[in-house]
Amino acid sequence: MHTPNPTPLPRLLADVGGTNARFAWQAGAGAPITDVRVLPCAEHATLQHAIQTYLSGLGRGTPHAVAIAIANPITGDQIRMTNHHWSFSQAAVKSEFGFHTLRLLNDFTALALALPDLPVHELRQVGGGVAQPQAAMGLVGAGTGLGVSGLLPDGFGGWVPLEGEGGHVTLPATTPRERLVMDGLIRRYGHASAERVTCGQGLLDTYLLLCEADGVSVGAIHGAADVSDAALKAGHPQALEALNLFCAMLGSVAGNLALTLGARGGVYVGGGIVPRLGTWFDASPFRERFETKGRFQRYLSELPVWVITSAQSPALMGAARALG
């Protein structure tokens, strides 16, 4: 007797950061991810409003299942974003829209889930050798904040993603100038986490602290993009030092993660900032600091690092995987 194929159950996928919320549609499990739309968080009072804007614009009704990758720890029903003012109850959102399934996960946990499926042409290797199959992988990424995750083999051919907040570990400052920046961040924030340097605001704060220490004017620089432009296009000394310090710190954090996980499967660099630096990043202090771990320098020198260059957020793919 012929059994008809089950009707595909449509899905809404989202990747919510501190600056933008990316939404996409998936007609069913395994179907292509389509209709990607980016909505600035600042233009929407709530997550619910952003969801409604996307769904209304799409005109396909209510999806059966929803997976939202969000730049925040998921510790219970109530979500309050670290780098944006949105807060909400998962149960209330599910009830308001009538979703059958709502799955929330950290944005870098979602990106970690996507790592095994990333095509080679969306990766650029920065040093190291060949990845070991079925070995732990590390993931870091700088954008509005610093995301940290990883993927561990489950022993049965699958993977287990890490759900942590490694971006908030204490800043690994080692040089006098890094300690100067660290002291300035402690004065301002109380705790100098790795994220306080290796994110957009951190790049700007580092630049401002270096200018203050050197007694020079900050000029017409008001954001991370201004610092990058001043460094790469004008060779501004403090801007260039801030960008190099950013890359050095990211290298230290990535190297720490690689040692902690035993990431013989390599380390991936995502987020919005590093891909925009292009191949300049490859010759930055990142790789040297990644490997500078004393007796384990040789161990780390063999580990490959890849910059994720995907045009579409791979976290959407990870969110889809989280739904099964």
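For the single chain, residues carry numbers from 1 onward in sequence order.
In this structure the side chain of V307 reaches within 4.5 angstrom of the side chain of F281, judged on heavy atoms.
Surrounding CZ of R80 are at most 12 heavy atoms belonging to other residues, nucleotides or ligands under 6.0 Å away.
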Steps toward side chain to side chain contact (heavy atoms under 4.5 Å, CB included) verdict (I308, V269): CA-CA 6 Å; I308 300 169; V269 180; over 6 Å; no
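Aromatic ring centroids of H64 and F99 lie 6.0 Å or more apart.
The distance from the OG atom of S310 to the NE2 atom of H121 is 7.5 Å, given to the nearest 0.5 Å.
Taking the six-membered ring for Trp and thresholds of 30 and 60 degrees, H84 and W86 have ring planes more than 60 degrees apart, a perpendicular arrangement.
The two residues V218 and C211 have their closest heavy-atom pair at CG1-CB, 4.0 Å.
Within the structure, salt bridge (Lys or Arg N to Asp or Glu O under 4.0 Å) pairs that include any residue of residues 239-260 comprise R177-E241 (at least two apart or interchain). Residue pairs meeting the salt bridge (Lys or Arg N to Asp or Glu O under 4.0 Å) criterion with at least one member in residues 119-128, sequence neighbours excluded, are R124-D282. The salt bridge (Lys or Arg N to Asp or Glu O under 4.0 Å) contacts involving residues 9-33 comprise D15-R22, where partners must be two or more places apart or lie in separate chains.
Applying the side-chain contact (heavy atoms from CB on, under 4.5 Å) test between F108 and each of L162, L139, V148 identifies L139 as the sole match. Of the candidates R196, H191, M182, R179, L171 forms a side-chain contact (heavy atoms from CB on, under 4.5 Å) with just one, namely M182.
Electrostatic pairing of D205 and R188 counts as a salt bridge here, judged by a charged N lying under 4.0 Å from a carboxylate O.
If you check the side chains of S89 and D77, you find a donor sitting under 3.5 Å from an acceptor.
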